[in-house]
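Before any comments, here is the structure.
Only this structure's heavy atoms are used, side chains among them; waters, hydrogens and symmetry mates stay out. Quick caveat: nothing in here was measured; it's all calculated off a predicted structure.
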Amino acid sequence: MKTSLNDEQVSKPPRTRMKPIGLVAATVAAAVMLFQNCGTYEPMNNPLYSSGLISSCLGPSCIQDLNYLALYVGNPDPILITRDTERAIDLGGYCDTAGYPDSKLYVELKSGATTVIAPYTSTAKCDSNGRFRVLIDLPAGYNYNLSYSIVLTFRAVDSSGNEYDHPTGVNRREVAILTAP
């Protein structure tokens, strides 16, 4: 009975060990190849702004044209909230001040045709990148069994403090609120 290994058997690694290492290397290489194009991803792409259109731009350096006054809410419609847990709703999205130097965002909470919270001026503004974010506190007596909606009205403000709406009213958005069971 032979118990020692000859020199040829000791110097060569077994072939079964090489196959899994090669398979892992090929899988990692394939994963890297799939994600190589992430550099062109634009996470802050504002759907209201087209860089191809010279007349459409963001900020007070643009020509003032109320036809470009716009508001886009990025939250899904309807917004689902958890019963007796959530006390506020965080809304955000994109805006275009139509070349005016300032903006105001009015918030209203409604249940059907009844106003639950009268329209108030939020501290949220359209920032220099054409974005807004507003936190809406639910009232103390909020009834999770009813359906509600949040109405946002976005207005352009000139240097004298005068407020302006879009000529056709597209600066107003309504988002439904539903309670998850």
Side-chain angles (χ1 to χ4, degrees), residues 35-82 85-112 114-142 144 147-180:
F35 293 107
Q36 71 178 352
N37 292 329
C38 288
T40 60
Y41 177 68
E42 296 180 32
M44 297 308 295
N45 187 21
N46 187 334
L48 301 176
Y49 174 70
S50 172
S51 59
L53 297 174
I54 294 175
S55 60
S56 173
C57 63
L58 294 171
S61 63
C62 304
I63 296 172
Q64 294 179 348
D65 185 352
L66 287 173
N67 288 309
Y68 290 108
L69 185 65
L71 179 71
Y72 170 79
V73 178
N75 298 64
D77 186 12
I79 295 173
L80 294 175
I81 62 173
T82 306
T85 302
E86 297 184 53
R87 303 281 181 236
I89 295 173
D90 193 7
L91 285 179
Y94 299 100
C95 46
D96 188 339
T97 60
Y100 285 81
D102 201 3
S103 63
K104 285 189 179 179
L105 186 65
Y106 290 89
V107 179
E108 178 182 7
L109 183 66
K110 297 175 78 174
S111 178
T114 305
T115 298
V116 177
I117 297 178
Y120 65 91
T121 307
S122 167
T123 57
K125 302 256 184 201
C126 189
D127 70 12
S128 61
N129 292 319
R131 299 172 300 188
F132 76 93
R133 183 174 178 199
V134 60
L135 183 66
I136 301 158
D137 292 316
L138 299 178
Y142 187 84
Y144 290 91
S147 63
Y148 292 87
S149 63
I150 296 172
V151 179
L152 297 177
T153 304
F154 179 67
R155 293 198 171 116
V157 180
D158 67 13
S159 57
S160 300
N162 299 318
E163 297 179 16
Y164 301 95
D165 288 318
H166 189 280
T168 62
V170 297
N171 58 312
R172 185 174 188 266
R173 296 285 183 253
E174 189 167 348
V175 181
I177 304 170
L178 299 176
T179 303

**Q.** Test log, rule side chain to side chain donor-acceptor pair (under 3.5 Å), inputs D127 and N129
**A.** CA-CA 5 Å; D127 70 12; N129 292 319; 4.7 Å; no
Can you give me the closest heavy-atom contact between [X] and [Y], atom names plus distance?
| X | Y | value |
| --- | --- | --- |
| R173 | V73 | CB-CG2, 4.0 Å |
| C126 | D96 | SG-N, 4.1 Å |
| H166 | L69 | CD2-O, 3.1 Å |
| S103 | F154 | CB-CE1, 3.5 Å |
| Y68 | A98 | C-CB, 3.8 Å |
| S122 | V107 | CB-CG2, 3.9 Å |

Q: Would you check, one step at a time, whether the test side chain to side chain donor-acceptor pair (under 3.5 Å) holds for Y106 with E163?
A: CA-CA 12 Å; Y106 290 89; E163 297 179 16; 2.8 Å; yes
Q | From CA spacing to verdict: salt bridge (charged side-chain N to carboxylate O under 4.0 Å, His left out), D137, R87 | A | CA-CA 6 Å; D137 292 316; R87 303 281 181 236; over 6 Å; no
**Q.** Identified side-chain contact (heavy atoms from CB on, under 4.5 Å) partner of V134 from the options I150, I89, T123, L105
**A.**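 Going through I150, I89, T123, L105 one by one, the side-chain contact (heavy atoms from CB on, under 4.5 Å) with V134 is satisfied by L105 alone.
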(Q) If the condition is side-chain contact (heavy atoms from CB on, under 4.5 Å), which residues does S160 pass it with, not counting sequence neighbours? (A)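 Testing S160 for side-chain contact (heavy atoms from CB on, under 4.5 Å), a comparison that skips the adjacent residues, returns D158, N162.
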Q | Partner of S149 under side chain to side chain donor-acceptor pair (under 3.5 Å), chosen from K110, E108, E174 | A |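 It is E174; the other options fail the test.
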Counting only N and O atoms by type, is there a donor-acceptor contact under 3.5 Å from the side chain of [X] to the main-chain atoms of [Y]?
| X | Y | value |
| --- | --- | --- |
| N75 | G92 | yes |
| D77 | A176 | yes |
| T179 | Y144 | yes |

